[in-house]
Amino acid sequence: MGEPVDSKVQAFVARSLGLYGQAPEYLLQHLIAVQQQFGWVPPTAVDALAAALDVAHAQVRGAVAFYAFLHDQPRGDFDILFSDNITDRMLGNQRLVGLLAERLGLGLDAPRADGRVTIGLTSCTGMCDQGPALLVNGQAVTALTAARVDRIADLVEEGVPLERWPGAFFRVEDNIRRRGLLLSNPATDGASLRRLLDGGADAALAELERSGLRGRGGAGFTTALKWRFCREAEGGDRTVPRFVVCNADEGEPGTFKDRVLLTSYTDLVFEGMTLCAGVIGARLGFLYLRGEYRYLVPHLESVLARRRAEGLLGKDILGQQGFDFDIAIHLGAGAYICGEESALIESLEGKRGVTRKRPPFPVISGYQDRPTVVNNVETFLAAARVVQWGGYWLRGEGTDQSAGSKILSVSGDCARPGIYEYPFGTPVHRVLTDCGAEEVQAVQVSGAAGTTLAPAEFDRLLAFEDLPTAGSFMIFDRSRDLLDLVRNFAAFFAHESCGFCTPCRVGTALLRNLVEKVAAGQASAHDLQELRDIGAVMRQTSYCGLGHTAPNHVLNTLDKFPAIYRRRLRSADYSPSFDLDAALASARALTGRDGVADHVEEEA
Amino acid sequence: MSTTLSLDGRPIPFTPGQTIMDAALAAGIYIPHLCHNPDYAPHGSCRVCMVGVGGRLVSACTTAALDGMTVESNTETIQSTRRSIVQMLFVEGNHVCPACERSGSCQLQAVAYYVGMLSPHFPQFFPQRPVDASHPDFMIDFNRCILCELCVRASRDHDHKRVFAVSGRGLASHLVIDSPSGLLGDSHFAASDRAAQVCPTGAILPKHRGYEQPIGQRLYDQAPISVVGDLRAQPGGE
Ligand SMILES: Cc1cc2nc3c(=O)[nH]c(=O)nc-3n(C[C@H](O)[C@H](O)[C@H](O)COP(=O)(O)O)c2cc1C
Ligand code: SF4
């Protein structure tokens, strides 16, 4: 977008400060606004924000360098980021990236000379059931085809502002294919809040306990216990501020169910948060929304406004004096690690999303070091229904250790990708049948961080005691080369490691490079052992869940699909990663010699 | 009530609230570490101090000591895991020990010896990192930075200056200086800062004092780190 005039930047920052205030916690929100306005974060903005919020320049620059959607160099007027999950790849996104780059005459990640456009790749944008997808200036475009990409090229060349692009480009479908306990009915009128006001917090907690509800974001911690811990933190001192945080980061490749819940079950999610606030005694809550879903903000804000008008949010909720609670939306900016609850809290405070030391857990010391409940979107929704309809309503479905249902995001090779809700304890093959998957070679359960399943395991059960899942369910048929999955996930983790601890920061990069070595046909059996050894070190010694789970896909596929590696091995045991002949290329170029004698013979 | 844990079979007394690392240091038992320095809050990022507790590995510097706890430290399996982590630190930066001013008085090098590292093992990343010589008294060679954040913590918690911070993410994480130009010479850094003294490697170095003590006669040339401990523990030293 070229160099904006300093005074313009300063005026914009001043406006943003007027809107969000000068609390340092809002640094990230200001930076996102600046990026959105100018296509980058110019040094003037860094100076102005550092001064106004009284934070170090290094902290501002550090945040810009941490979040993938913030840039310290100008991007194009149209900043186009193709979603690069394995499901996008399976739907042919690479061909479309090539097509658009060719039409517009530019490469990846550098703005075109006229500043009109940049093209790049980004981690899964949560549109796997309607991909390939992209983001243009942060707005999601789905169902890409060659024709659609062609049209986008025209719109960019003509400089048509996004508001005048065809509305169909931005349509996002819910694709709900199977409804269970939670999805059967989106309607609510504050019933759970009335139950809370009638029966009190202890009765609400008792229903939650009876229900056996466990967190739907992955770790499966008992929700009643989490809320109780937070309520009783600080000796139960009611004057200590407490916070409710809804984790809508949904960064796990292949999940998109939280997007659908936020779109069509919005009231229930906010009601669950309000209920939690009533139970723990919080007056402020945050919806931490991944940047990829920023298109949902107007809808979410309108629901919040309506709930305030209906007395379901704000001051004296449902007329109960002192029941005050409101919700603010905070945007993320392209960082998978910010789904991890303590990194999320750092990000809410405007900092780089680096995992905190635990204990203390957020229920004791979370946002601003105050007791904080962090729950997944689906958990809040389920909690609202449990208090409304009673614990037995949930308990009646599922298994002993996994009460109720789980909402799955199904994508990949199947006839009907979309949202499916099943009772816990449903076998994998049941899902495959329902979604119309045939000739299935592998299923990736619970995202890149989850488990790679071979057909012999398709009778395993989706439940905390067998196959815990946050909901991602990606299907690969026999036509697929599973090494593509491994390469995609390995690159994902190397890109998303926060960099705090040694084994994950370096290990994810080592794994990615070794996997690429395998793909290039340069690897030996020794390298496969290296993959295992590095993976084991990462699993055992990483600081947080990202590093613990990042090698799963490599270790799983080495065990279950060894052929995808073996058939590419170049020699039985060892081959060096250093290529002497390639290293001599610059010397040959300098001396102008390139005969047979000027190359180093490789030993086969 | 007496509280005791067992470290490699030896009973170690401790006071409640101490970490495994605190207890070991107090008892004079060495657990290798790089980002830990008892003068600052535990950090837990380098992962070199991993010890075995209940069949899992935990970082000794951040894990609370518990009465009756059984801790394994000096086993071949654990040493081999630590070795891999130290090797990762070596290949991620550019560490040319034979030519380094800190050779022999560098904790990274000394820990590498302690865990039995004979080679970097992993392919080198050879990152392009600049040297900052803008300050009159000190220079920073980012090639030797291991992101332990001791300078960050010392400057923030002791000097109350926040001269240092970490920027970026993943393998691109790097130390930055808080000044308008990003250079040390333009920051509030002073040679008398505690942050000038805490670097366990040769990343933050005083100028005008090169090779005062000949290589071969330095601290860890004389005795291993498991015997003499950290640089900060040395008389008159850091
Ligand atoms: C790397 C990483 C990413 C995560 N991403 C998410 C996420 O996108 N959404 C989510 O709800 N939980 C995520 N979690 C789990 C959260 O840390 C936390 O356990 C969860 O939000 C708690 O809510 P629940 O009890 O309702 O599941 C992630 C964890 C890790 C380690
Ligand atoms: S494992 Fe370590 S580097 Fe990886 S995301 Fe967690 S804290 Fe960051």
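Letters A, B, ... mirror the listed sequences (proteins, then strands); counts begin at 1.
The contact between Thr541(A) and chain B is made by backbone and side chain atoms together, counting heavy-atom distances below 4.5 Å. Neither the backbone nor the side chain of Ser59(B) comes within contact range of chain A; no heavy atom of the residue lies under 4.5 Å from a heavy atom of that chain. With a threshold of 4.5 angstrom between heavy atoms, Ala63(A) does not approach chain B through any atom at all. Both the backbone and the side chain of Ala335(A) come within contact range of chain B, each with at least one heavy atom under 4.5 Å from a heavy atom of that chain. Residue Gln124(B): no heavy atom, backbone or side chain, is found under 4.5 Å from chain A. Of the atoms belonging to Met50(B), it is side-chain heavy atoms, and not backbone ones, that fall under 4.5 Å from chain A. Contact of Arg352(A) with chain B is made through the side chain alone, with heavy-atom distances under 4.5 Å. Proximity to chain B (any heavy atom under 4.5 Å) is shown, for Asp47(A), by neither the backbone nor the side chain.
For chain B, the option among Thr502(A), Val64(A), Val46(A), Val60(A) with the highest count of heavy-atom pairs below 4.5 Å is Thr502(A). Contact tally against chain A (heavy-atom pairs below 4.5 Å) for Thr62(B), Val163(B), Val91(B), Leu89(B): the top residue is Leu89(B). The candidate from Ala509(A), Cys498(A), Gly353(A) with the greatest count of non-hydrogen atom pairs under 4.5 Å with chain B is Cys498(A).
Side-chain contact between Pro123(B) and Leu510(A) is present, with heavy atoms from C-beta onward closer than 4.5 Å. With contacts defined as side-chain heavy-atom distances shorter than 4.5 Å, the pair His43(B)/Phe500(A) qualifies.
Under a cut-off of 6.0 angstrom, the local environment of CD in Glu76(B) is crowded, with over 12 non-hydrogen atoms contributed by other residues, nucleotides or ligands. In Arg162(B), the CZ atom is not crowded: 12 or fewer heavy atoms of neighbouring residues, nucleotides or ligands sit closer than 6.0 Å.
How far OG of Ser45(B) is from NZ of Lys357(A): 12.0 Å, rounded to the nearest 0.5 Å. Interatomic distance, Ser542(A) OG to Leu57(B) CG, rounded to the nearest 0.5 Å: 11.0 Å.
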Would you list the atom pairs, donor with acceptor, under 3.5 Å between side chains in residues 530-540 of chain A and any protein atom, with sequence neighbours excluded?
| from | atom 1 | to | atom 2 | distance (Å) |
| --- | --- | --- | --- | --- |
| Glu530(A) | OE1 | His121(B) | NE2 | 3.1 |
| Glu530(A) | OE2 | His121(B) | NE2 | 2.9 |
| Arg532(A) | NH1 | Asp559(A) | OD1 | 2.9 |
| Arg532(A) | NH2 | Asp559(A) | OD1 | 3.3 |
| Asp533(A) | OD1 | Gln529(A) | NE2 | 3.0 |
| Arg539(A) | NE | Asn552(A) | OD1 | 3.3 |
| Arg539(A) | NH2 | Asn552(A) | OD1 | 3.0 |

side-chain contact (heavy atoms from CB on, under 4.5 Å) for Phe125(B) and Val506(A)? Distances and angles first, verdict last. CA-CA 10 Å; Phe125(B) 285 92; Val506(A) 185; 3.9 Å; yes

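Of residues 168-178 of chain B, those residues with a non-hydrogen atom less than 4.5 Å from any non-hydrogen atom of chain A are, in numerical order, Gly168(B), Arg169(B), Gly170(B), Leu171(B), Ser173(B), Val176(B), Ile177(B), Asp178(B).
For Cys46(B) against Pro503(A), the heavy-atom pair with the smallest separation is O-CD, 4.4 Å.
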